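On a predicted model such as this, the values are computed, not experimentally measured, just so you know.
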Amino acid sequence: MTTTPYIERHALIGDLRTCALVRDDGSINWLCLPRFDSDAVCAALLGGPEHGSWSLAPAPGDDADHLSAASRGYRGDTLVLETEWRTGAGSVRVVDFMPPGTSTPQVIRIVEGLTGEVRMVSRLRPMPGYGRTVPWIHDQGGRMVAQAGADAYWLDTSAKQMEKDGAVVSGFAVAAGQSVAFVLSYWPAHAADAPEVADPEAALDATLAGWQDWALRCTYTGPYHKAVARSAIALKAMTYAPSGGIVAAPTTSLPEEIGGVRNWDYRYTWLRDSAVTVAALLRTGHRSGALAWRRWLLAAVGGDPQNLQIMYGLCGERELPERELGWLPGYEDSAPVRVGNGAVDQLQLDVYGEAIEALYLAYRHGLAPCPDTVVLHQRLVQQVIERWREPDAGIWEIRGPRRPFVHSKVMAWVALNRTICMAEDGVLDVDLAELRAVREEIHREVCERGFDPVRNTFTQYYDSRELDAALLLIPRVGFLPADDPRVIGTVAAVQRELATAGGLVHRYPTQGSDVGVDGLRGSEGTFLLCSFWLVDALALTGRLAEARVLFEHLLSLRNDLGLLAEEYDPVARRQLGNFPQAFSHAGLIESALLLQRCAWAASSPDVVLPPESAVLAHIAPPPWHTPAA
């Protein structure tokens, strides 16, 4: 079996175009250049060092017996990683970062001597094409270059470099007060010129200043400020700045079950995931990303909302064919490794609701709709009116038969409801009578066909008994007030049938070796976003103390740098799935803010909450509320 360190042993650095994952032993195990969705040049995370990696750590030898575990952390509210090593000969700090806004993506690693004198080794083994292509490594004017086809990777450093067994190796010593920098730059191989030699210290100062300036815009000042700020930085890092697109995660094929087949490529822009990310950033005061995403949405959807896709490429690309990379064994032999995503062709009706909800939140936060956005919004809601009755693949991208998923219908209701709110404000010109009639029809049908009166719970799809954690969103989006007996019964059913004793929530039942409702064999870990949804549901239904306990338990599952993957295995006590995951960090932010609002409401009944607060949807039953039988 291939042995790979736990997912959570990795840190994230990035430049708003791509990213790298740095393990706590000083090895970069995942790096795609020049974009998030480019072929990986370091793919050891899905195989081994022979598939591409870059290690930078104290040299093995006599000092190895005295080498303590590395300590690491981000410098303040930035994405600049610092790792300290202590050996018998002294101590060093390695500073890893990727400077945004440069002419080409770069990974910069600065070794700083702290005490004594420490011998270090840098070993860069670039393997483009996801570890399949051996590059031509050569010296060019005193600079080492690894070239493969159209791509070239330039490594600059003051340390002596040599090619050895397909790697660029540097052995050097650094004493207290000294520093040695390494700069890896991506460059088109056909370019007539070479990339400029970077000034590492100037790049570090600019990178620190840029992240600190962005972080200072955070408006959340509650008890979980550090966790919220770190999650917001993680979400920002998943933004592709040139277009405004937002990836669901910067990795592919990290498994939802060790040794299983639920391994997907998340390096694309899902309408749902990016809309949830935009909402979380808006609620923490970060408005610029919403403007950029809205421009991306206009370009991606274009004039064709009737053929709306659930996901697009970083710049709105529509073709994302899925294929398997048979030469990679996968993370802990979890095969297949996939790139591209076949779910791109699915019909998922809930994405209309998430997209319109994001547009609505942008409006409520002071971003006036532009004429083009208004037209797009009108076309999107028209599609909801025409298509809401259709069965679909649902929020979880079921690879089995289409079904009338309750969550999809609820989000169709959300699309109409938010549109009506904006139309009543005079922002949109729509047929209010028609929208109100359809909204009421959806509400009535969901309550009749999507509810099991025997178990007192909503169900995954019409006329079924299956449960789905997405049902926890019913009070969060205002479909029903939180004190409705059907909401309370649904929360109880999810806790009883989908949650662990510790409150971690599975998305829906899986069937192990049998093919389940999702069309797949095998199981998966608990889904962290769903666990945050349970926090929200508990808080909204008046169980604020329980909600806070669960929220703080979820915070304890983050790695030492505050990062979360998609899922968590409570038995093996490890993170699973692509890492870091936008869904998880957006859920953390939303829950922290909601806990604060609920605490305010509980302590001060007369308090005036912000207009975007979800709590407002539950102060009184809405006029379209269907009373419980």
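Side-chain atoms of Asn341 come within 3.5 Å of backbone N or O of Asp265 as a donor-acceptor pair. In this structure a side-chain-to-backbone donor-acceptor pair under 3.5 Å is missing from Thr78 to Tyr74. Between the side chain of Gln575 and the backbone N or O of Leu563 there is at least one donor-acceptor pair closer than 3.5 Å. At least one donor-acceptor pair closer than 3.5 Å links the side chain of Thr252 to the backbone N or O of Arg338. Side chain of Trp293 to main chain of Ser288: no donor-acceptor pair is present (N/O by atom type, distance under 3.5 Å, no hydrogens or angles). Here the side chain of Asp15 pairs no donor or acceptor atom with the backbone of Gly101 at under 3.5 angstrom. Under a 3.5 Å cut-off, the side chain of Asn578 and the backbone N or O of Trp264 do form a donor-acceptor pair. Distance alone, capped at 3.5 Å, is enough to place a donor-acceptor pair between the Asn263 side chain and the Gly260 backbone. Between the side chain of Thr157 and the backbone N or O of Ala159 there is at least one donor-acceptor pair closer than 3.5 Å. Side chain of Tyr153 to backbone of Leu33: no donor-acceptor contact under 3.5 angstrom is found.
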- prompt: Yes or no on ring-ring contact (aromatic ring centres under 6.0 Å, His included) for Trp154 and Tyr186, after CA distance, side-chain angles and deciding distance?
  reply: CA-CA 7 Å; Trp154 295 67; Tyr186 170 84; over 10 Å; no
- request: Test side-chain contact (heavy atoms from CB on, under 4.5 Å) on Ile28 and Leu21 and set out the steps.
  value: CA-CA 6 Å; Ile28 291 178; Leu21 294 185; over 6 Å; no
query: Are Trp270 and Glu354 close enough, and set up right, to give a side-chain contact (heavy atoms from CB on, under 4.5 Å), and what steps lead you there?
result: CA-CA 10 Å; Trp270 271 254; Glu354 277 104 10; over 6 Å; no
message: As a quick check of understanding, evaluate side-chain contact (heavy atoms from CB on, under 4.5 Å) for Ile110 and Val94, giving each step before the final call.
response: CA-CA 6 Å; Ile110 303 175; Val94 178; over 6 Å; no
- request: Decide side-chain contact (heavy atoms from CB on, under 4.5 Å) for Val107 and Leu31; before the verdict, give the C-alpha distance in whole Å, the side-chain angles of both, and the deciding distance to 0.1 Å.
  value: CA-CA 9 Å; Val107 179; Leu31 175 62; 4.0 Å; yes
Pair Glu84-Arg93, salt bridge (Lys or Arg N to Asp or Glu O under 4.0 Å): steps then yes or no: CA-CA 4 Å; Glu84 293 191 9; Arg93 177 189 298 121; 3.4 Å; yes
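With a 4.5 Å cut-off on side-chain heavy atoms, Tyr268 and Val247 do not count as touching. With contacts defined as side-chain heavy-atom distances shorter than 4.5 Å, the pair Phe532/Leu564 qualifies. Side-chain contact between Trp54 and Val168: absent, with no pair of heavy atoms (C-beta onward) separated by less than 4.5 Å. Contact check for Glu567 versus Ser584: no side-chain heavy atoms found under the 4.5 Å cut-off. In this structure, Trp211 and Ile233 have side chains that are in contact, with non-hydrogen atoms separated by less than 4.5 Å. Looking at heavy atoms from C-beta onward, Leu534 lies out of side-chain contact with Cys530 at the 4.5 angstrom threshold. Looking at heavy atoms from C-beta onward, Arg294 lies in side-chain contact with Leu367 at the 4.5 angstrom threshold. Looking at heavy atoms from C-beta onward, Ser27 lies out of side-chain contact with Val22 at the 4.5 angstrom threshold.
Asp151 CG to Ser38 OG: the interatomic distance, rounded to the nearest 0.5 Å, is 7.5 Å. Note: Asp37 CG to Arg267 CZ = 6.0 Å, rounded to the nearest 0.5 Å. From Phe579, atom CZ reaches atom CD of Glu566 across 13.0 Å, with rounding to the nearest 0.5 Å. With rounding to the nearest 0.5 angstrom, the CD1 atom of Ile258 is 8.0 Å from the CG atom of Asp569. With values rounded to the nearest 0.5 angstrom, Cys42 atom SG is found 7.5 Å from Leu184 atom CG. Atoms CD1 and OG, on Ile108 and Ser185 in that order, are 7.5 Å from each other to the nearest 0.5 Å.
A salt bridge is defined here as a Lys NZ or Arg NE, NH1 or NH2 lying under 4.0 Å from an Asp or Glu carboxylate O, and Glu256 with Arg507 meets this definition. Taking the charged nitrogens against the carboxylate oxygens, Glu257 and Arg262 have no contact shorter than 4.0 Å, which rules out a salt bridge.
Among all heavy-atom pairs drawn from Pro200 and Phe97, the shortest one is O-CZ, 3.7 Å. Counting all heavy atoms, side chain and backbone alike, Pro99 lies closest to Gln106 at CD-O, 3.6 Å. Of all heavy-atom pairs between Val183 and Ala198, the closest is CG1-CB, 4.0 Å. Nearest approach of Ala537 to Leu472, heavy atoms of both residues: CB-CD2, 4.0 Å. Nearest approach of Ser71 to Arg86, heavy atoms of both residues: OG-NH1, 3.8 Å. In terms of heavy-atom proximity, Gln581 sits nearest to Tyr266 at OE1-CD2, 3.4 Å.
Within 6.0 Å of atom CD in Glu196, 12 or fewer heavy atoms from other residues, nucleotides or ligands are found, so the atom counts as exposed in its surroundings. At most 12 heavy atoms of other shown residues, nucleotides or ligands fall within 6.0 angstrom of atom CZ in Arg132.
Remark: Arg17 fails to qualify as a cation-pi partner of Tyr240 under the 6.0 Å distance and 45° angle criteria applied to the six-membered ring. Relative to the six-membered ring of Tyr6, Arg574 meets both conditions, a distance below 6.0 Å and an angle of at most 45° to the axis.
The aromatic rings of Trp396 and Phe527 stand perpendicular to each other, their planes meeting at an angle above 60°, with 30° marking the opposite boundary.
Each of Asp96, Asp24, Asp560 was compared with Arg72 under the side chain to side chain donor-acceptor pair (under 3.5 Å) criterion, and only Asp560 meets it. If you run side chain to side chain donor-acceptor pair (under 3.5 Å) between Ser231 and each of Arg558, His585, Lys236, Lys226, only His585 comes through. The only option from Thr251, Leu254, Asn29 that meets the side-chain contact (heavy atoms from CB on, under 4.5 Å) definition with Leu46 turns out to be Leu254.
Tyr224 has its ring centre less than 6.0 Å from the ring centre of Phe551. In this structure, the ring of Phe182 has its center less than 6.0 angstrom from the ring center of Phe172.
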